[in-house]
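The chains referred to below are lettered A, B, ... by the order of the sequence lines, with proteins before strands, and numbering in each begins at 1. As the structure is a computational prediction, the values presented were derived from the model and not from experiment.
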Amino acid sequence: MNNRGKGSLKYLLQQREIVARFVKGDQSTSQKKAKGRAVAAKIPAEVCGLKVPRRTFCNNIAAREHEENQGLPNNVVHYDIAIVGGGMVGMALACSLASMPLTKQLNVAIIDSNPALEGKTCIKKEDPPDPRVSTVTPATISLFKDVGAWQYVQQHRHAYFDKMQVWDYTGLGYTRYNARDVDKEVLGCVVENKVLHSSLLSCIQNTDLKKRIYPSRLNSMTLHQNHLPTMMDSTSSSLHASLAKLELSDGNSLYAKLVVGADGAKSRVRELTGFKTTGWYYSQNAVICTVEHKTENQCAWQRFLPSGPIALLPVGDKFSNIVWTMNPKESSACREMNENDFVKALNHALNYGYGPHPQSNLLGNNGDIFSWFRRDLTVSANECFEVPPDVVKLVSGRMVFPLSLRHANNYASKRVVLIGDAAHTVHPLAGQGVNLGFGDAFALSRIISEGIAVGTDIGEVHLLKKFEAERKRENIMMMAILDGFQKAYSVDFGPLNVLRAAAFHGAQYISPLKRSIISYASGQI
Amino acid sequence: MASRLLNRFPTLNNTAQHILSLPFLRSTVASPFLLHSRLYSEDVSSRVPNRSSLNQVELAKFSSIADTWWDAEGPFKPLHVMNPTRLAFIRSTLCRHFQKDPYCARPFEGLKIVDVGCGGGILSEPLARMGATVTGVDAVEKNIKIARLHSESGPETANIEYCCTTAEKLVEEQREFDAVISLEVIEHVADPAEFCKSLAALTVSNGATVVSTINRSMRSYATAIVAAEYILHWLPKGTHQWSNFLTPEELVLILQRASITVQEMAGFVYNPLTGQWTLSDDISVNFIAFGTKNSQ
């Protein structure tokens, strides 16, 4: 027996007794029985918020429950939407559905075996930042504000940054970006993934959305393909004929009008539906960790080294997050070496290693040739090259992830749609991955709302293809650009280095170009 | 009144039924044989020998593609693509007329709606999902069967009542509905004026009537006949007779004579680049009219 929730288990068993008596008591009319069943189905859902796996119940309770279930002829539950994967993107979809008037009455099932979904994990302020962080763009921040989840993020550690500096090891050029260039306050905000996830969870707990969280994994899925149902034997099964049936690893099965695959890069939904993907592995791994400085860091730094970029992102309270991309051999070496050596390697990579610092070419020093430039200069064009702050201490473990580019050829088919990493994974060099996922989630909920407005069946292919057409365009464009950058910066070849330097200078001094770059990366275009 | 007139000519009644059965091909796709079925009411004698042979041909051809009603990529695809746009207009006008909350997911809760010429139920099902009590009528039995089968697969649509009958018969049964909707039907009817009178008789006073059809203009000839039938092959040749199209003015006039006042009219415009239909003020090709029955 699972000792973890012993007190809560007793409470749970008591509740089940009450429910069992309730259901058995109402046997007068079949209608009342049906209502009782419906209520009985709902009560355990609320009560079973405690994570107690069914298998560890006392034998007789389990037997009684099994017997009750066998006695109910229609023991399958109907949902409007089944979200497979309750990570950041899946929960963002749920929050968005809960916040819109046309979709907030939908019945949603969330399938994820992650215990964090039970809502009991508490994030303590004293904990050092988790190395898994995401940079959210201003577009994503405003979407979060629309659904009411950003207020929860602000209660935890988060770091806005308004400056960014990008340069490479050749020392031939650098670019500085400032939010003031586009008359904004921030370029983005760096938030730990667990903070984003728990904020979305808190947001959704405070809404009326009818949801049930299934703490298990998806085993198999049946989608009925024929558009014309043949004669069924019983009316009850014909009611489910055109819905998707999901079977979970703990034995539950449920029906849903629409299955949303938000289960990450190794998506089971994508595998079961048979969507093909295109992509390749970058022969690079990313090493991530959290470090500490002497003073607060308010700028995002990225330096392109011969084997990959190293990024230093502020996380708040003098902490920063490191994302260092390098080839697999070096990444294993980095993970093995002791902390002091690693800190030295970090400072080497960020500061004086691999090549010289770029020269600060202030436009004011170059005489009258560029006077016609000066009219439209951005704030950051006048900023000197700065050296990133020294890393003093390593405050978390080092994690290594392989990097790849992957894109599903189709996002949608009848009754199934993919969002987030299940549909696309990108290189982390511009911090865009999860923002694309959030964009998918909010777009899908808007399209579902539009479909419901005209009475469409939400699992219908036309509606989902509308979503696919809208998001595919944007996702592919972003992926192509990021892949281009990754390829352009992974070659050490004289003329190409000069070209890249020219690109740095161009982005630094040609104001319209810089403004477009900032707007695009912020998600505004 | 229409039914009394029809009763005096029993053969006329039967033929009118067959003629009326043609429009209840909810798509503009189905029948190439419609060309021959333009039997006008004055030409009684020549009609009788044609009637039986036509009927078989027409029904057989229609039955053969009736299975594809719900195949979104099949011959009824243009209709599936146009459907959300029509529903948007219906939702907006009916919500405003019956003073229902447009932000509600089921705004038509409590309304009785009849879909005259429902075909496979492409319009009836979304209306049911929006909360209405829907009755779908079509004169072709196969369509009704298909519609019934498909609607059984969902809990919200299982309550749609499908009848294989005509508007006139419903009037005889003295049924009345809050809203009467008949889309892409009137251009296939032999006597539009009588058809409108039947629609009006089915509407309660101060109820809503929505009719959609194709305009009779040069542009619609170029688009709906030449382009759609001969060039793009969206519709089989002969699906529409340009001379049977109604201009908006004519439609308003015959509806007025049937005591329905047209309140709003909108056009559907197809964008070939995006492949989407949108509502617009351009009524030169496809248009839809919303009217209310005068209170008696």
* For the residue pair A/His78 and B/Pro155, what are the closest heavy atoms and their distance? -> CE1-CG, 4.5 Å

* Just wondering, more than 12 heavy atoms not from A/Asn409 lying within 6.0 Å of its CG? -> yes

* To do: Pull out the residues in residues 443-453 of chain A that come under 4.5 Å of chain B, heavy atom to heavy atom, sorted by number.
  => A/Ile452, A/Ala453

* Least distance between heavy atoms, A/Val454 atom then B/Pro126 atom -> O-CB, 3.5 Å

* Separation between CG of A/Leu243 and OG of B/Ser153, rounded to the nearest 0.5 Å -> 8.0 Å

* To do: Report the distance from atom CD of B/Glu156 to atom NZ of A/Lys257, rounding to the nearest 0.5 Å.
  => 4.0 Å

* **Atom of B/Arg129, atom of A/Thr456 and distance for their closest heavy-atom approach** => NH1-C, 3.7 Å

* To do: Using a cut-off of 6.0 Å, state whether more than 12 heavy atoms not belonging to B/Asp281 lie near its atom CG.
  => no

* Asked: Roughly how far, to the nearest 0.5 Å, is the CD atom of B/Gln276 from the NZ atom of A/Lys466?
  -> 6.5 Å

* Drop me the distance from B/Trp70's CH2 to A/Glu460's CD, to the nearest 0.5 angstrom. => 8.0 Å

* Within residues 87-98 of chain B, which positions have a heavy-atom distance to chain A below 4.5 Å? -> B/Leu87, B/Ala88, B/Arg91

